[in-house]
Number of protein chains: 2
Amino acid sequence: MVMQISAEKLCLHLKSHGRRLTKARRAVIEYLFKVSAPVTAVDIIENLHNKGLQVNKTTVYRELEFLVKMNVVNEVSISKQIMHYEVSHLDHHHHLVCDKCGCIQEVDTSAVEMEMTKLESRVLGLGFKIDHHNLEFFGTCADCK
Amino acid sequence: MVMQISAEKLCLHLKSHGRRLTKARRAVIEYLFKVSAPVTAVDIIENLHNKGLQVNKTTVYRELEFLVKMNVVNEVSISKQIMHYEVSHLDHHHHLVCDKCGCIQEVDTSAVEMEMTKLESRVLGLGFKIDHHNLEFFGTCADCK
DNA sequence: TTGACAGATGCAACCCAGTTGCAATAATAT
DNA sequence: ATATTATTGCAACTGGGTTGCATCTGTCAA
């Protein structure tokens, strides 16, 4: 389970662990916290660029890799073309993805999660230790219907 | 819901719908039915090659696209690098993927599916029509633990 | 059996998300 | 101010997947 933290707290946390607070890192983190939705590396680069901050794509990919390793950002597989990234919130949630317009909504899956916890202990008895899961829903949103 | 069919029945079905039974198509379909597990385009090409059947990767990708469109093959997102494909069986199922050795097992998710059906009707009330979902579990298999 | 049509194929070039190696830069501690 | 080392930019690369187009080949009707 991940702490619920703000962008500033995260920056301080990183700093106290020997990480440096560069313009790029700060901007990527702030953007991820601000949008609070699954975004792509391209989205991030574009946003920083619009702010007048020139950051190389390699830097962004490395920063994302780093934040995922630090468990403060999750990879979200909602497109088969490109990876999305989202701040790890306290509440484990999943998404409704519209196949037509691509919009993304969060959805409450607590009842489903409860069944998955049972499944988890069941397969643990069979020798498989589940560590995490992917779950995304696809369909048509209210606006596109 | 998809008919439970064999490779031969599928071929006949395709033929009766104006499709041609080429060596490549037949071989791809037979392989997918034989392995009955999520495989990649590369796996397929390799298998055909080992059988002495030279098939271009473009052909394989086009065949997979076609079979997905025909609803007899599903795309399975268990790797962020490469897409997997699997014959659509009557029983809707999901997978346990070992993060260490990459092995894939099927898992019974019927209880989870029941909760997802409830979720589905709940979000339908909110205007979102769910069409399909992705669900895969990741962790460590019995052999790798 | 033959010929023609349209589906299927191969090829080469391409697209694009993501990665790598390495030299240069810059944030921090002293 | 300086040394240390994390971070960055660049350019080239990787690899899954796609596209356009000329060619081929299953299929079927005559």
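Below, read A as the first sequence line, B as the second, and so on, with proteins coming before strands; counting in each chain starts at 1. The model shown is predicted, which means the values in this text are computed figures rather than measured ones.
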Any donor-acceptor N or O pair under 3.5 Å, side chains B/Glu86, B/His93
yes

Of the residues in residues 33-44 of chain A, which ones touch DNA chain D at a heavy-atom distance under 4.0 Å?
none

Hey, what's the ring geometry for A/His17 with A/His13, parallel, tilted or perpendicular (30° and 60° as the breaks)?
tilted

Assert: residue with more 5' nearest nucleotide on DNA chain D, out of B/Gln81 and B/Arg26, is B/Gln81

What are the two closest non-hydrogen atoms of A/Glu115 and B/Ala111, and how far apart are they?
OE1-CB, 3.3 Å

Per the atom types in the model, does the base of D/dG26 pair as donor or acceptor with the side chain of B/Arg25 at under 3.5 Å?
no

Heavy-atom nearest nucleotide on DNA chain C taken for B/Asn56 and for B/Arg20; more 5' hit belongs to B/Arg20

Nearest non-hydrogen partners of A/Phe138 and B/Phe128, listed with the distance
C-CE2, 4.2 Å

Hey, could you give me the NE2/CG distance between A/His94 and A/Asn134, rounded to the nearest 0.5 Å?
8.5 Å

Could you tell me which non-hydrogen atom of B/Gly127 sits nearest to which non-hydrogen atom of A/Lys145, and how far apart they are?
O-NZ, 3.2 Å

Let's see if you can work this out: which of D/dC10, D/dT19, D/dG17 has an atom nearest to the side-chain heavy atoms of B/Tyr61?
D/dG17

In this structure, is the centre-to-centre distance between the rings of A/His92 and A/His133 below 6.0 Å?
yes

Separation between SG of A/Cys141 and NZ of B/Lys129, rounded to the nearest 0.5 Å
13.5 Å

Counting the atoms with a prime plus P, OP1 and OP2 as sugar-phosphate, which does A/Arg19 contact under 4.0 Å by heavy atoms, base, sugar-phosphate, or nothing?
sugar-phosphate

With a non-hydrogen cut-off below 4.0 angstrom, is A/Lys15 in contact with a base, only sugar-phosphate, or nothing?
sugar-phosphate

On DNA chain C, reading 5' to 3', which nucleotide is the first and which the last to sit with an atom under 4.0 Å from a heavy atom of chain B, could you check?
C/dA6 to C/dA12

Donor-acceptor pair under 3.5 Å: do we get one between A/Thr22's side chain and the base of D/dT8?
no

Taking for each residue the nucleotide of DNA chain D bearing the nearest heavy atom, is the 5' side occupied by A/Thr59 or by B/Arg62?
A/Thr59

